[in-house]
Each structure stands twice: as structure tokens, then as C-alpha cells.
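The next block holds one structure in the form of C-alpha cells; read it before the comments.
For this chain, numbers begin at 1 and follow the sequence in order. As the structure is a prediction and not an experimental result, all values here were calculated from the model.
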Amino acid sequence: MLREGDNLISKELSDFLREKLYDYDIGFEKGEKDINIFEENGFIFVEKDQDIVFSLKNEKRYFDLLPIIIEKVVRGHLNVLHKDKAEELIVDLLVNIIVLSEVEDSDGYSHTERVAKMAEKFGKFLGMDEKELRKFVFHAYLHDVGKISLEQLMLYSPTRMRLFEESYQDHTVMGSVFLSMFEVLWEYIPTVRYHHERWDGKGFPDGLRERQIPYYARVISILDFFDETTHFISSEWESELKTPKEAMEMIKKLSGKYFDPNLVEKFESFLKSEGVI
């Protein structure tokens with residue numbers, strides 16, 4: 001049975017966990033039982049055998065993650081959580097949410113999955129080693145994480161599409177705020193926030209230009225645009241899907257305006273090497 005201790009986590013959270021995890025014997029004070037959950041300095045900690053295995057900012061929006069984490073700890077699927085493992089776990093959880101909110105293509109892939117898949121291939125082409133490539137693919141998977149928040153807003157709006165169009169630029173800011181709650185994911189915030197900045201400084205949200213824009217954000221902006229033009233209809237590109245060759249021609253025309261010219265050249269070489277164009 002769950003028991004609310006003298007410290008520390010809010011009654012709202014303890015009631016929530018009691019409802020979700022009534023079968024498990026969890027303590028609510030540090031060191032109280034074999035597995036404990038407690039609050040300290042604005043963070044929620046999950047402890048197993050006196051070792052911290054997980055931490056998360058103490059905010060209501062993240063309460064839904066805790067039963068999943070605690071169940072993994074109880075079942076022995078999650079022990080002392082090192083940074084890489086914590087990063088992988090949270091990214092996996094977020095990607096599942098992102099992908100579920102996106103439309104799949106005829107092959108069963110969503111926009112995020114396609115961009116990440118292309119990022120892995122392009123990263124190898126750029127000469128990234130295994131460690132950097134793993135990080136780069138995570139950057140690709142998380143680039144649109146801010147749309148999770150927009151989707152939640154639209155669920156309660158009678159004018160969902162208008163709200164999305166008016167709020168589209170906000171997804172970069174919302175995504176960076178969202179990731180700021182997970183210390184282990186802070187390194188991904190620049191890509192999430194700046195992947196819609198432009199080489200000429202006319203992008204959003206902060207008007208960065210040229211090499212002020214982080215490298216991964218510059219790369220993913222090209223991959224993002226390529227996938228959108230070849231899979232989505234928009235008035236920005238004459239309301240019709242583009243072939244890969246047509247999309248690449250658009251990217252070349254926007255080189256030096258939207259995109260890093262050097263990366264555009266490399267991306268074209270990559271597509272040719274893959275037989276895409």
C-alpha cells in the first residue's frame with residue numbers, strides 16, 4: 001500500500017500515485033522503504049535501495065510519467081539510472097507521444113520518424129562517429145516536441161486548425177520550455193528552439209542568422225523542409241507534393257536565405273549518393 005509520509009511531495013501527487021500504483025509498496029520519504037518517491041529542491045526523486053534512479057522537475061504536467069517509471073523500477077527493469085539511460089528512456093517516452101500525434105504515410109512512418117531516419121543516414125554521410133550519430137538522431141526525434149503542447153491546446157478548441165496556424169511558430173518556444181524540465185535533455189533545447197531560424201536572420205523565434213544558429217538546428221531545418229515538401233501539401237509550395245528532385249531544387253533556391261549554403265551542397269551530394277535524385 002502507498003503511504004504518504006511527513007515530507008514532502010504534495011497531497012495531489014500522493015493521491016494520484018495511490019490511485020495508479022495501489023498494488024505497490026512505495027515509500028514517500030527518503031530511505032523509508034526499498035523503493036521511495038520524494039521531493040527535494042523542486043525535483044521529484046525515485047529511489048531504489050538508497051540509490052537515486054530517476055529525477056524529474058516537480059510539475060503537474062509530468063505526473064503521468066511517474067507511474068511508468070516507478071513500475072519499471074518495481075519490476076527491476078530500471079536500476080541506477082545513468083545519464084545515457086535516463087536520456088534514452090525519456091526520449092523514447094516523448095517520441096512515442098510525438099509519433100502518436102502525427103499522420104503516418106503509406107509505409108507507416110510519421111514526419112518525425114522520417115526526419116530521424118534521414119538524419120541517421122545523412123549523419124553517417126557527414127562522417128559522424130557512433131556516439132555523435134546517436135545524439136544527432138535524438139535531436140531529430142525531438143525537433144517538434146513542442147507540438148505536443150499545441151495538440152493538447154487544440155483538443156479543447158472548436159477551431160483547431162485556425163489555432164494551429166496561429167500558434168505554429170510557438171512550437172519552437174514551447175518545445176524548449178518543455179525540455180527545460182528535464183535536465184538530462186537540456187542539450188537538445190537549441191535544436192528544438194532554433195530549427196526554424198533562417199540563414200538570413202528572418203526566421204523564428206529569435207531571429208538568429210548564419211552561424212549563430214546551432215549546427216544541428218541548421219542541418220535538421222533542411223531535413224525538416226525536405227520531408228514536409230515531399231509529404232505535405234501547403235500554399236507555400238504551390239499546394240502540391242514535390243518530388244525529391246523538385247524539393248532539392250527548392251532548397252537550392254533558398255540556400256543563403258533559409259539554409260546554410262555549405263550544408264545544402266552536402267545534402268544534395270547525399271541525396272545523389274542515395275539515388276534519391
Side-chain angles (χ1 to χ4, degrees), residues 43 53-57 59 61-62 64-65 68-69 72 77-102 104-105 107-151 171-197 205 208 213-228 231 259-260 263 266-267 270 274:
F43 281 81
V53 297
F54 191 83
S55 65
L56 184 67
K57 188 115 178 188
E59 298 224 349
R61 71 181 78 181
Y62 305 119
D64 284 337
L65 292 175
I68 301 171
I69 301 301
K72 288 182 178 292
H77 298 160
L78 192 61
N79 294 305
V80 177
L81 198 60
H82 298 290
K83 183 180 184 295
D84 286 349
K85 202 66 180 175
E87 175 185 69
E88 185 176 334
L89 174 65
I90 301 174
V91 169
D92 187 54
L93 288 171
L94 294 178
V95 168
N96 282 325
I97 297 172
I98 295 167
V99 169
L100 283 173
S101 71
E102 296 180 333
E104 294 180 348
D105 61 20
D107 296 320
Y109 293 105
S110 73
H111 168 68
T112 291
E113 290 174 310
R114 290 191 301 269
V115 171
K117 187 177 180 181
M118 193 184 307
E120 183 173 13
K121 292 181 179 180
F122 190 37
K124 289 178 181 178
F125 180 85
L126 293 173
M128 295 181 185
D129 61 29
E130 184 177 346
K131 183 177 180 181
E132 183 181 9
L133 185 62
R134 174 181 174 274
K135 293 283 189 182
F136 180 53
V137 172
F138 282 177
H139 279 265
Y141 269 124
L142 293 174
H143 78 280
D144 275 342
V145 69
K147 290 181 181 178
I148 295 175
S149 301
L150 289 180
E151 284 288 336
H171 81 276
T172 56
V173 176
M174 295 174 79
S176 60
V177 172
F178 187 81
L179 290 192
S180 72
M181 307 301 176
F182 304 91
E183 183 177 354
V184 73
L185 300 184
W186 284 357
E187 66 182 283
Y188 302 103
I189 290 175
T191 296
V192 170
R193 186 176 182 92
Y194 299 129
H195 71 279
H196 281 291
E197 297 288 1
L208 302 187
I213 307 168
Y215 177 69
Y216 288 161
R218 280 183 273 143
V219 179
I220 288 174
S221 69
I222 295 174
L223 306 184
D224 188 42
F225 184 87
F226 180 82
D227 185 76
E228 288 192 351
H231 288 86
F259 307 119
D260 180 336
L263 288 174
K266 291 180 178 179
F267 186 63
F270 161 71
E274 292 284 312

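- Of the options Asp144, Asp224, Asp227, a salt bridge (charged side-chain N to carboxylate O under 4.0 Å, His left out) to Arg114 is made by Asp227 and by none of the others.
- A distance of 6.5 Å separates CG of Leu94 from CG of Leu185, quoted to the nearest 0.5 Å.
- Aromatic ring pairs are classed by plane angle as parallel below 30°, tilted from 30° to 60° and perpendicular above 60°; the pair Phe178 and Phe182 is tilted.
- In this structure, NZ in Lys135 is found 4.0 Å from OH in Tyr188, a value given to the nearest 0.5 Å.
- No close placement of the Phe267 and Phe259 rings is indicated, their centers lying 6.0 Å or farther apart.
- Closest of all the heavy-atom pairs between Ala140 and Ala116 is CB-CA, 3.7 Å.
- Nearest approach of Glu197 to Pro205, heavy atoms of both residues: OE2-N, 3.2 Å.
- Residues His171 and His195 bring their aromatic ring centres within 6.0 Å.
- Pairs engaging residues 124-134 under the side chain to side chain donor-acceptor pair (under 3.5 Å) rule: Glu87-Arg134, Glu132-Tyr216 [sequence neighbours left out].
- Of all non-hydrogen atoms in Leu133 and Met128, the two that sit nearest each other are N-CB, 4.1 Å.
- No donor-acceptor distance shorter than 3.5 angstrom exists from the side chain of Asp92 to the backbone of Glu88, with no hydrogens or angles considered.
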Quiz item: Run the side chain to side chain contact (heavy atoms under 4.5 Å, CB included) check on Ile69 and Val53 step by step: do they pass?
Solution: CA-CA 9 Å; Ile69 301 301; Val53 297; 5.8 Å; no

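- Residues Ile220 and Phe136 meet the side-chain proximity criterion, which asks for heavy atoms closer than 4.5 Å.
- Between Tyr215 and His139 the shortest side-chain heavy-atom distance does not fall below 4.5 Å.
- Atoms OG1 and CG, from Thr112 and Leu100 in turn, are 11.0 Å apart once rounded to the nearest 0.5 Å.
- Taken to the nearest 0.5 Å, the CG atom of Asp107 stands 11.0 Å off from the CD atom of Glu113.
- The side-chain heavy atoms of Thr191 and Leu142, taken from C-beta on, include no pair separated by under 4.5 Å.
- Across every non-hydrogen atom of Leu208 and Pro214, the tightest pair is CD1-CD, 4.4 Å.
- Atoms CE and OG1, from Met174 and Thr172 in turn, are 10.0 Å apart once rounded to the nearest 0.5 Å.
- In this structure, CD1 in Ile222 is found 10.5 Å from NZ in Lys266, a value given to the nearest 0.5 Å.
- For Leu179 against Trp186, the heavy-atom pair with the smallest separation is O-CD1, 3.6 Å.
- Heavy-atom neighbours of Phe43 CZ from other residues, nucleotides or ligands within 6.0 Å: above the threshold of 12.
- Counting only heavy atoms from C-beta outward, the side chains of Glu274 and Met118 never approach each other to under 4.5 Å.
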